[in-house]
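For reference, the structure is listed below as structure tokens.
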Number of protein chains: 2
Amino acid sequence: MSTKYPELSERKRQILKALVEAHIEGGEPVGSKYIVQNNLLSCSSATIRNEMADLEQMGYLVQPHTSAGRVPSEMGYRFYVDSLVEQYAKTTHEVVQINQLLKAKMAEIDQILETASRLASSMTNYTGIAIKPKASSVTMSKFELVSIDANHFAMVMITSGGAVKTKKIKTLGRVEGESLRRLAELLNENLCGLSADMITLPIIMELENAMGDGSHLVNPTVKCVWEVMSELDGGEMRLSGLNHLLKYPEYSDSQQFGQLLGTLENQDEILELVSGSETDDINVLIGSESPVKVMNNSSLVFKPIKKNGKTVGVIGVLGPRRMNYRQVLQTIEEITGSIAGMLDSEQPAKLTGKEEDHGG
Amino acid sequence: MSTKYPELSERKRQILKALVEAHIEGGEPVGSKYIVQNNLLSCSSATIRNEMADLEQMGYLVQPHTSAGRVPSEMGYRFYVDSLVEQYAKTTHEVVQINQLLKAKMAEIDQILETASRLASSMTNYTGIAIKPKASSVTMSKFELVSIDANHFAMVMITSGGAVKTKKIKTLGRVEGESLRRLAELLNENLCGLSADMITLPIIMELENAMGDGSHLVNPTVKCVWEVMSELDGGEMRLSGLNHLLKYPEYSDSQQFGQLLGTLENQDEILELVSGSETDDINVLIGSESPVKVMNNSSLVFKPIKKNGKTVGVIGVLGPRRMNYRQVLQTIEEITGSIAGMLDSEQPAKLTGKEEDHGG
DNA sequence: TTTAGCACTCTTTTTGTTTGAGTGCTAACT
DNA sequence: AGTTAGCACTCAAACAAAAAGAGTGCTAAA
């Protein structure tokens, strides 16, 4: 992803950079004159023109039509982003604010993600994305059954990851405390460590046998377990600040925006895309680098959040291809950093109080 | 809301109805000629013109400009909707489909709502809205503490409404089983039946006293309880099918649509609006009947879902003012009906298996 | 009471014209 | 060599004028 571009002269790089930033700023094609006037490049517009013609031929720039200014091509953006990432300076002046905002609302991982998405959106003025990725396979490490009333009991499940999930189960008639205890014991002995697809009919039948009377409880209970595990496996995505996008003329075509919206709501494609990312570092997908067609005019920046080495979430930003990469990269780094720091810190109850419950 | 309109002649009503429906269909002003040609009104366009002039003067129609066709005013829509509601025919041919779809995904109330919202959206081609309204005051009826590992335990809370909530709590050091038992006992004795704002500092201090050693557990635990209760109190809103809206030219102005999006994402106003609704029946807010400014060009149809007499959710549809009220009203009725039937039915475990966990 | 006919209005569409930003090229300049 | 000034050329966007068309209101006849 991060190829080198040795063939570019220093001046070409400067011009490219200036042009990209000017275009990010204004959104319109940038002409040679403009660059000379605003960007202290100490040469004449004609020179710039020559260089720009070169850059266009090399594929870094594109001309919407004869006699329009130039616009960065995807390759141009890519060059810009790559060089940006290299010389990356983590000016962390905003970190304090982030920490405060996150701590204020800090609770379950779900909420952290949601808040982070909001934060990312409001700080960048693009659309924030929070993703709880698909867990490859969840297993249970402990079951506990709690009686609620005459014909309800709650099943408390603790996953291998330490998350807690609860289900309320309705029973036909009164259920003895003894039955519950036995059922819990059976679950603990037979289902711990199994993934969803390892729970098969033979196992259920065996449980029913072992349960004796009260065997009618087994089926719905196990079904519940299975459902919870499947549910935990599935990813989830939250967007915030969608309205920001509409401020950019790139999204003024409501037809196209509608399609984008539809794709985003559908979640599947984006989840796929993000979950399939190989690197743990920050990802930048520019335009058609993304396999999702309707996003070919957009860019997506995202980074996984790790907790004890495991990915527990992804925070990202979606915006027009000409998004302010410098700011976005910085913001995402800061937010993910803050969250990671928060999650990894093993602090006593007095201070942190609690963490996630039904999170993955 | 449902006033009578006795002054309208039968023909005027027919014309009004035809015009509203034609406008819903096409979205453009409807002329006299069009009505004659398509709607079997057996009179000439001139006659229609006269009648339309009348209807306009009465306030049912509006002329965007001289020599354009007529468009229904809000009052016109209101009349149309009211008369529609009266002669309402519940043709339940789609109910089967609804039931199947809902049952397939039926789990917690949250999921039911979400699915219902999706369903409403896909059936009507407008935006579906699912709302978990603010509960005025949640109290707990039972606490249970479950040890997870050396320095984590889970708190299982059962609300007055029978919902189950869980929180994982991190502890400083190892916590004895005995401590947990005692803590649970204290919680059950002192916090059951209290609403969030009744949990005050004196109570916490008293608990800490009674707890003796292990008193350091009290503070974070109670804080958790308080958070869960506050969280349960708060409403929540899910949208689906936002992209549908963009198919209607009414929303092609991306500026305005952006504002609408922002308002919807913010949730507060809509939650307020829906929670404040007095009737338990279906609500139809046409244009400026809604207090939310950005929705003055839209209509909102929604209906609460009752479970054992209590409102557990709201399902609605948001669309352009010229939405297909007949279809939307019918769909909402059917969906809410299906859900209500599903929730109220007290069936044995074998069949229903489970219901909501952390739902309200 | 209904309808046909006609003049009138106002938007939408079309067509043509102008303007201006920006380029590419060439020739002069350093 | 590389750089710059000047000029002709291109093309989209902005503007203006004209034509088309849809729909009305009104009047007079059926």
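Here is how names work: the chains are called A, B, and so on, in the same order as the sequence lines, proteins then strands, and each is numbered from 1.
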Identify, between A/Asn50 and B/Asn50, the residue whose nearest nucleotide on DNA chain C lies closer to the 5' end.
B/Asn50
Between the base of D/dT10 and the side chain of A/Ser67, is there any donor-acceptor pair under 3.5 Å?
yes
Taking the side chain of A/Gln63 as its heavy atoms from C-beta onward, which of D/dA5, C/dT2, C/dT23 lies nearest to it?
C/dT23
In this structure, CD1 of A/Ile270 is separated from CG of A/Leu318 (nearest 0.5 Å) by 7.5 Å
May I ask you to decide whether A/Glu250 forms a salt bridge with A/Arg321, counting only side-chain N to carboxylate O separations under 4.0 Å?
no
Can you figure out which of C/dG24, D/dC11, C/dT11 approaches the side chain of A/His65 most closely?
D/dC11
Applying side chain to side chain contact (heavy atoms under 4.5 Å, CB included) to A/Met52 and A/Ile15, what does each step give before you reach the verdict?
CA-CA 8 Å; A/Met52 293 207 313; A/Ile15 291 176; 4.2 Å; yes
From CD1 of B/Ile15 over to C1' of C/dT2, roughly how many Å is that when rounded to an integer?
13 Å
Among D/dT4, C/dT23, C/dT3, the nucleotide that comes nearest once only the side chain of B/Cys43 is considered:
C/dT3
Length of the CD-C1' vector between A/Glu56 and C/dG24, whole Å:
12 Å
What contact category does A/Ser45 fall into here, base, sugar-phosphate, or nothing, at under 4.0 angstrom with non-hydrogen atoms?
nothing
B/Leu19 has an atom CG; how far is it from atom P of D/dG23, in whole Å?
12 Å
Across the strands shown, which category fits B/Thr66 at heavy-atom distances under 4.0 angstrom: base, sugar-phosphate, nothing?
sugar-phosphate
Quick one: label A/Ala46 by what it contacts on the DNA or RNA (base, sugar-phosphate, nothing), any heavy atom closer than 4.0 Å.
base
Determine, for A/Glu289 against A/Arg78, whether the closest basic-nitrogen to carboxylate-oxygen distance falls under 4.0 angstrom.
yes
Check this one for me: any side-chain N or O of B/Thr47 less than 4.0 Å away from OP1 or OP2 of C/dT2?
no
With DNA chain C as reference, determine whether B/Arg11 or B/Arg49 sits nearer its 5' end, using the nearest nucleotide of each.
B/Arg11
